[in-house]
Amino acid sequence: MSPRDLAAASRECPILHVDMDAFYASVAVRDRPDLQDVPVIVGGGHRGVVLSANYLAREYGVRSAMPMTRARRLCPQAVVIPPEFATFTAVSSSVMENFRQVTPLVEALSLDEAFLDVSGSVRRLGSPYTIAEQLRARIYDEQGITCSVGVASTVAVAKLASRRAKPDGVVVVPPQSVTAFLHPLDVGELWGVGEKTTQMLNRLGLMTVGDIAHTPLATLQRAVGASLGAQLHQLAWGQDRRVVTPRRGADEPDKSMGADETFGRDTDDPEVILREILRLSAKVAGRMRTARVAGRTVTLRVRFADFTTITRSRTLGDATDVTQEIYQTAADLFTALGLQRARLRLVGVRMEGLLPRAAVQRQLVLGARESGWSEADQAVDRATLRFGAQAVRPATLLGEGRP
DNA sequence: TCTGGGGTCCTAGGACCC
DNA sequence: TCTGGGGTCCTAGGACCC
């Protein structure tokens, strides 16, 4: 189709899904001309996975989330670059700012993708297709990286369309073409259908979105549950009530915050494990205090050497952001497991049921009077602000990481 | 040296309350 | 002395997303 036809076809398609192409890899190589024509993988670490791979690396079968060991086997000549999240975040902010100049209705899904509702921008800027191309040109000029855009009448179809547009393209799916576009797709392309659900659906002989569309709702729901079944049936017919919702602000905090870490090597040493639980508790509590939230439920996560994973949680009487309370609870949960030197691969600590701290101020003040730990945390926060995260930590963490 | 780290949502059973 | 029904909270596990 000509640009003029695409502009006309996009008239009833106010939803844009913009997705940066191989984002981390593109950012990592854009200032490195020497890497322009070689396979590049962003990722690494000791037991890490691929975060992003450029298209040259993908030709060898390298994919996101693949274990690095496998990626290196598939493409030994690839250059591996460790991620620089500060840079990614900065580039992302600029790109999102470009989006907001088009419309206030921007929903960022992650650092590298966003939905835009441009209904209110058409008069000023032209058709949704025209806006998509303008954005792509501006982002390339300013950031030196490419992106792809799906243009459709619903969020779900726009998201699928951007995938078809990759790399460096635009795909418009007008309303009258939605089912023709959707029905040939593999079931796994649908939002919410991952590996397990794909297997489940395939076992029922459902391979494509069209197959799902022509399966009775009750059958789907029996297979994958009431909620997902209903969702899939609607999506398969292009029905999607979701609207573009700008990200929640400070008034609506995250629902949970957590940290986990895979050990460099599996360990069965309770001292090592408890020290890690303390470090993670301090990390989570610090982030909660920065976000001015407190939480009631402490969840400990343990992954064994064979990758099986369990969780144990305890809900406290009052919400807390106090490192020592979180650590004590997590440590109790760990001890209660009664592990007989089982080898662990990972531990994690997560706080759920988060509330704005203003809503629990009274309890925190009382808690602080009793324990004194809250004052201790505040002193740590002040010192961290002045001297950096490595400057202050619990005594049992001294001697780690630094001379 | 197979399989990160940050999240969200759903399901299901049992406790508990009215 | 024979068996309610609904709502909410808590816990554990699992699937999925980027």
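First the proteins, then the strands, lettered A, B, ... as listed; each starts at 1. Bear in mind the structure is a predicted one, so any value in this text is a computation, not a measurement.
No donor-acceptor distance shorter than 3.5 angstrom exists from the side chain of A:Ser92 to the backbone of A:Phe88, with no hydrogens or angles considered.
Taking the six-membered ring where tryptophan is involved, the planes of A:Trp237 and A:His214 are perpendicular, since the angle between them exceeds 60° and thus also 30°.
By the neighbour-count criterion of 12 heavy atoms within 6.0 Å, atom CZ of A:Arg58 is densely surrounded, having more than that number from other residues, nucleotides or ligands.
Near DNA chain B, defined here as any heavy-atom distance below 4.0 Å, the residues from residues 62-88 of chain A are A:Ala65, A:Pro67, A:Thr69, listed numerically. Taken residue by residue, residues 345-354 of chain A places heavy atoms nearer than 4.0 Å to DNA chain B at A:Arg345, A:Leu346, A:Arg350. Heavy-atom distances under 4.0 Å link DNA chain B to no residue of residues 150-164 of chain A. Sorted by residue number, the members of residues 96-113 of chain A with any non-hydrogen atom under 4.0 Å from DNA chain C read A:Ser110, A:Asp112, A:Glu113.
First and last contacts of DNA chain C with chain A, using any nucleotide atom under 4.0 Å from a protein heavy atom and ordered 5' to 3', fall at C:dC10 to C:dC18.
Distance check on atom C1': C:dC16 versus B:dG4 gives 16 Å, rounded to whole Å.
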* According to the Watson-Crick and G-U wobble definition with distances under 3.5 Å, which dot-bracket string, read 5' to 3', encodes DNA chain B, using [ ] for crossing pairs and | for pairs with another strand? -> ....||||||||||||||
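With hydrogens and angles left out, the side-chain atoms of A:Thr267 and A:Asp269 include no donor and acceptor closer than 3.5 Å.
In terms of position on DNA chain B, the residue among A:Gly258 and A:Ala305 whose nearest nucleotide sits closer to the 5' end is A:Ala305.
For the pair A:Arg265 and A:Phe263, the cation-pi criterion (under 6.0 Å, within 45° of the ring axis) is not fulfilled.
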